[in-house]
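In this text the structure is predicted, and so the values were computed from the model without any measurement. Both counts, for ligands and for their atoms, begin at 1 and track the order of listing.
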Amino acid sequence: MTVLRSKIDTSSEEFSANVEAMNAKLAELDLEFRKVLDGGGEKYVQRHRDRGKLTARERIELLIDEDSPFLELCPLAAYGSQFTVGASVVVGIGVVEGTECLIVANDPTVKGGTSNPWTLRKTLRTNDIARQNRLPVISLVESGGADLPTQKEVFVPGGRMFRDLTQLSAEGIPTVALVFGNSTAGGAYIPGMSDHVVMISDRSKVFLGGPPLVKMATGEESDDEELGGAAMHARISGLGDYLAADEQDAVRIGRRIVARLNWRKQGPGPVAESVEPRYSPDELLGIVPPDLKVPFDPREVIARVVDDSDFDEFKPEYGASLCTGWARIHGYPVGILANAQGVLFSQEAQKATQFIQLANRSDTPLIFLHNTTGYMVGKEYEQGGIIKHGSMMINAVSNSTVPHISILMGASYGAGHYGMCGRAYDPRFLFAWPSAKSAVMGAQQLAGVISIVSRAATEARGGTVDEEADAGMRAMIEAQIEAESVPMFLSGMLYDDGVIDPRDTRTVLGQALSAIASAPVEGTANFGVFRM
Ligand code: COA
């Protein structure tokens, strides 16, 4: 056994300053999360309650096993956009009758639960998670369909929501729809495409077009119940499989449906008992310095995340800017790649490639802990083949078939973000710490590059550089890039699955690894052509 030994002095000023900076960022995040919990705001939540209805989150709470955790995903979707943060849908992984399921709940307090462009993106991300990890999907439906003013962004790509559902069904991944209220137009195809459908008497209304639309289209007079009431669907159309008396009854029936799925996970379970790390996860608040230019040792993070702080480091003497090694998290074996000094050199890229191949040989999931400014630039490194070595690492990450999970702890810049399995490389899950920053490069560097290029262009034209204008331009660009590099903004863009409290890292990873094990975990020997 190789137990990591922490070298951090938790009584140092530096540690306290780091904790203080991290706590400030967490407080900022908390404000946003509170807004998310408020859904469509007091007025609409009150109206919803006055109608005798439960909120989306209360429905989820009732549905999942008592006292079991819910791993909410993408709660900050739409942050920084014109739409309500959260994107009018709550999604996450919860345990229902002992089965991990992906739960998707429309929030009817936000514009009638309609789907805007961010709702769509969030839902499509949810479907990808269900497919990749073979997680049964439970939709808690109450949605007026497309957000009509933004229909141009929703209508055409939105077709995929329904295609995904039916393809999940074809792959043998169960889909369950509990319809709580209006489920109009696009909303109607959610139960339409689901394997199991529960509707609630006098509450569920499922139709392609409501009475006014029908009147417009055909002149026919009709009412809600005749067109799409739960009783009609249970007794006449056959769209409803179960008729529930009220919301609680619908949830009860939904839980019975899941109990009868006879669902078996296809991946390997934990190989050992879960053992707590030897160092407190609370100390994770004090490891990342607020100035990301100051390096930190990722072994200090690993020691507070993995079982028993037990870590077998691979090639510790070689390519020391990247720390690689084997550990367990909640009993699940994992390989870890963690940036140690920020920059990735050729040796690090070669080491990562070998390590990824090894993990694929042993069917071991990989965790990427990001704190990188990218691959090294400069004459010496270009001549040493940094492009081909970086490409080799990116090739390995792209073609590796064991599950990957990425955690952005600090910097995640440039092609380093790709090599460490950034969003475009389809990690099964990607979470960010509040301290993370991600962009093509640091804000200062980016502004500096633009300044150098524009100076050269001015001089080539025979002009003279206006120093004041240049400084103003640099400051403006720097501020813009800085604002676009922070986790809240990136989470709003759905470039991660959530910003997490560093102290929750081990729990979140455990939940993610358990969900991942719903699908088979199989490595590959088939990579692209490695340019040695
Ligand atoms: N697109 C955009 N906004 C919509 C919307 C839609 N499809 N449906 C409702 N809204 C808005 C309403 O304008 C209202 O906004 P406001 O409060 O800022 O004025 C808000 O959402 C709440 O709607 P309201 O009708 O008051 O809520 P409700 O709970 O009583 O009813 C619906 C909700 C969804 C049943 C009802 O609004 C409805 O039938 N909408 C039209 C559905 C439809 O035809 N969709 C076709 C999609 S292809």
Any protein heavy atom sitting closer than 4.0 Å to atom 31 (O) of ligand 1?
-> no
Regarding Arg203 and the six-membered ring of Phe180, is the cationic atom NZ or CZ under 6.0 Å from the ring centre and inside 45° of its axis?
-> no
shortest atom 33 (C) of ligand 1-to-protein heavy-atom contact is with Gly112 CA, 4.2 Å
Looking only at N/O atoms, are Arg51 and ligand 1 under 3.5 Å apart anywhere?
-> yes
Would you indicate which of Ser143, Gly145, Gly144 comes nearest to atom 46 (C) of ligand 1 when only heavy atoms are counted?
-> Gly144
Atoms in ligand 1 flagged as close to Thr114, the criterion being non-hydrogen separation under 4.0 Å | 5 (C), 6 (C), 7 (N), 8 (N)
Decide salt bridge (Lys or Arg N to Asp or Glu O under 4.0 Å) for Glu100 and Lys265; before the verdict, give the C-alpha distance in whole Å, the side-chain angles of both, and the deciding distance to 0.1 Å.
-> CA-CA 9 Å; Glu100 281 149 308; Lys265 291 168 94 166; 2.7 Å; yes
Search all heavy atoms of Asp282 against all heavy atoms of Arg503 and return the closest pair with its distance.
-> OD1-CD, 3.5 Å
Starting from atom 2 (C) of ligand 1, locate the nearest protein heavy atom and write down its residue, its atom name and how far away it is, to 0.1 Å.
-> Asp147 OD1, 3.2 Å
Is there a side-chain contact between Glu72 and Arg57 (heavy atoms, below 4.5 Å)?
-> yes
Please report which non-hydrogen protein atom sits nearest to atom 44 (O) of ligand 1, along with the residue it belongs to and the distance in Å to one decimal place.
-> Thr184 CG2, 4.0 Å
Pairwise distance OG(Ser454) to CE(Met473) - rounded to 0.5 angstrom = 4.0 Å
Do His404 and Phe368 have ring centres separated by under 6.0 Å?
-> yes
Considering only heavy atoms, which of Arg47, Lys43, Glu142 lies nearest to atom 24 (P) of ligand 1?
-> Arg47
Strictly by modelled atom types, are Thr505 and Trp433 linked by a side-chain donor-acceptor pair under 3.5 Å?
-> yes
Check: of Gln151, Lys205, Lys111, min heavy-atom distance to atom 18 (O) of ligand 1 comes from Lys111
Note: ligand 1 atoms sitting under 4.0 Å from heavy atoms of Tyr44 are 16 (P), 17 (O), 18 (O)
Does the protein put a heavy atom less than 4.0 Å from atom 15 (O) of ligand 1?
-> yes
Hey, would you say the Tyr418 and Tyr425 ring centroids sit under 6.0 Å apart?
-> yes
Contact with ligand 1 for Ala146, non-hydrogen, under 4.0 angstrom | yes
Give a yes or no on whether atom 37 (O) of ligand 1 lies under 4.0 Å from any heavy atom of the protein.
-> no
Measuring to protein heavy atoms, does anything land under 4.0 Å from atom 11 (C) of ligand 1?
-> yes
What protein heavy atom sits nearest atom 1 (N) of ligand 1, and how far off is it?
-> Leu148 N, 2.9 Å
Can you name the one residue among Lys205, Lys53, Arg51, Lys111 that meets salt bridge (Lys or Arg N to Asp or Glu O under 4.0 Å) with Glu142?
-> Lys53
What residues, two or more places apart in sequence or in another chain, satisfy salt bridge (charged side-chain N to carboxylate O under 4.0 Å, His left out) together with Asp224?
-> none
Strictly under 4.0 Å, does any heavy atom of Pro149 approach an atom of ligand 1?
-> yes
Salt bridge Glu97-Arg260, side-chain N to carboxylate O under 4.0 Å = no
Which ligand 1 atoms does Asn182 reach within 4.0 Å, using its non-hydrogen atoms?
-> 35 (C)
Please list every donor-acceptor pair under 3.5 Å in which a side-chain atom of residues 32-44 meets a protein atom from a residue at least two apart or in another chain.
unit_1 : atom_1 : unit_2 : atom_2 : d
Glu32  : OE2    : Lys35  : NZ     : 2.9
Arg34  : NH2    : Asp30  : OD2    : 3.4

With a 4.0 Å cut-off, strictly under, does atom 42 (C) of ligand 1 pick up any protein heavy atom?
-> yes
Atom 48 (S) of ligand 1 [closest protein heavy-atom partner, distance rounded to 0.1 Å] | Ala185 CB, 3.5 Å
